[in-house]
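Notes for the one structure printed next.
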Amino acid sequence: MHRYAYSFESKIGKINIYQIENKIVRIEYNEDMIANSYEMEVTPLIKKTVNELEEYFNGDRKMFTIPIGLSGTEFQIKVWNELLKIPFGETKTYREIAKSIGNDKAYRAVGGANNKNPIPIIVPCHRVVGADKSLVGYKGGLDIKKALLEIEKIY
């Protein structure tokens with residue numbers, strides 16, 4: 001199995017990108033270490049991912065075309081697939097996501113799934129806000145969440 005990683009400085013700080021075979025499987029913010037089991041290499045897919053992320057940060061990209069590989073529980077994957085349906089420039093509440101996956105009361109679990117999202121930005125967990133539209137809970141920190149929403153002219 002081919003495993004590659006690359007780290008670059010972006011407008012929102014250091015980003016690590018992980019690729020297994022022909023899919024992006026993880027994006028991390030501000031992590032110093034790259035996992036040992038990955039070879040440091042700029043593959044064509046990693047280069048395309050960096051380019052699309054930079055276009056997004058510059059406000060020039062609204063949709064990503066990167067092949068991704070999501071790995072998690074059945075519930076997490078259901079939530080993450082629902083996040084992929086939130087259009088650029090729009091938000092949903094945790095409760096709205098819970099309702100759309102058929103479990104109105106699972107909004108706290110939706111928050112937990114968001115926290116475990118392995119591919120932030122591309123799987124747009126930053127577009128999920130509190131019931132009063134406030135910025136709550138973001139693994140990368142609320143400053144990054146706010147910056148991403150500002151790129152999308154939401155906040």
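Along the sequence shown, residues are numbered consecutively beginning with 1.
Between the side chains of Tyr18 and Glu28, at least one donor N or O lies within less than 3.5 Å of an accepting N or O.
More than 12 heavy atoms of other residues, nucleotides or ligands shown are found within 6.0 angstrom of CG on Asn51. The local environment of NZ in Lys47 is sparse, with at most 12 non-hydrogen atoms from other residues, nucleotides or ligands closer than 6.0 Å.
Put simply, the side chain of Arg127 reaches to within 4.5 Å of the side chain of Glu152, judged on heavy atoms. With a 4.5 Å cut-off on side-chain heavy atoms, Ile46 and Phe8 do not count as touching. No side-chain heavy atom of Val128 sits less than 4.5 Å from a side-chain heavy atom of Thr91. The shortest distance between side-chain heavy atoms of Val42 and Val50 does not fall below 4.5 Å. Met1 has its side chain within reach of Glu21: a pair of non-hydrogen atoms, C-beta onward, lies under 4.5 Å apart. In this structure the side chain of Val25 reaches within 4.5 angstrom of the side chain of Tyr38, judged on heavy atoms.
Pairs passing the side chain to side chain donor-acceptor pair (under 3.5 Å) check and including a residue from residues 101-112, sequence neighbours excluded, do not occur. Sorted by first and then second residue, the side chain to side chain donor-acceptor pair (under 3.5 Å) pairs with a member in residues 110-123 form an empty list; sequence neighbours excluded.
For the residue pair Tyr94 and Gly137, the shortest heavy atom distance occurs at OH-O, 3.3 Å. Nearest heavy-atom pair across Ile15 and Ser10 is CD1-OG, 3.4 Å. Here the closest heavy-atom approach between residue Tyr138 and residue Pro120 is recorded as OH-CB, 3.8 Å. Here the closest heavy-atom approach between residue Glu96 and residue Thr93 is recorded as OE1-N, 2.7 Å.
Proximity of a side-chain donor or acceptor of Lys145 to a complementary backbone N or O of Val136 within less than 3.5 Å is detected.
To the nearest 0.5 Å, the span separating CG on Leu83 from CD on Gln76 amounts to 11.5 Å. Taking CG from Leu53 and CD1 from Ile122, the interatomic distance works out to 5.0 Å, rounded to the nearest 0.5 Å. Summarising the geometry, atom SG belonging to Cys125 is positioned 10.5 Å from atom CD1 belonging to Ile97; distances are rounded to the nearest 0.5 Å. Taking OH of Tyr6 as the start and CD of Glu41 as the end, the distance is 12.0 Å to the nearest 0.5 Å. Trp80 contributes atom CH2, which lies 8.0 Å from atom CD1 of Ile119 (distance to the nearest 0.5 angstrom). Taking CD1 from Ile144 and CD1 from Ile12, the interatomic distance works out to 5.0 Å, rounded to the nearest 0.5 Å.
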Just distance, no hydrogens or angles: give the donor-acceptor pairs under 3.5 Å from side chains in residues 60-70, sequence neighbours left out.
from	atom 1	to	atom 2	distance (Å)
Arg61	NE	Glu55	OE1	2.8
Arg61	NH1	Met63	O	2.7
Arg61	NH2	Glu55	OE1	2.8
Thr65	OG1	Lys48	NZ	3.2
Thr65	OG1	Glu52	OE2	2.4

request  = Check the pair Tyr4 / Ile17 against side chain to side chain contact (heavy atoms under 4.5 Å, CB included), numbers first and verdict last.
outcome  = CA-CA 8 Å; Tyr4 305 102; Ile17 300 171; over 6 Å; no
task = Decide yes or no on salt bridge (charged side-chain N to carboxylate O under 4.0 Å, His left out) for Glu74 and Lys78, but give the supporting numbers first.
result = CA-CA 6 Å; Glu74 185 179 332; Lys78 190 184 276 193; 5.2 Å; no
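A salt bridge between Glu82 and Lys85 is present, with a side-chain N of the basic residue lying under 4.0 Å from a carboxylate O of the acidic one.
Note: Tyr56 and Phe88 have perpendicular aromatic rings, judged against thresholds of 30 and 60 degrees for the angle between ring planes.
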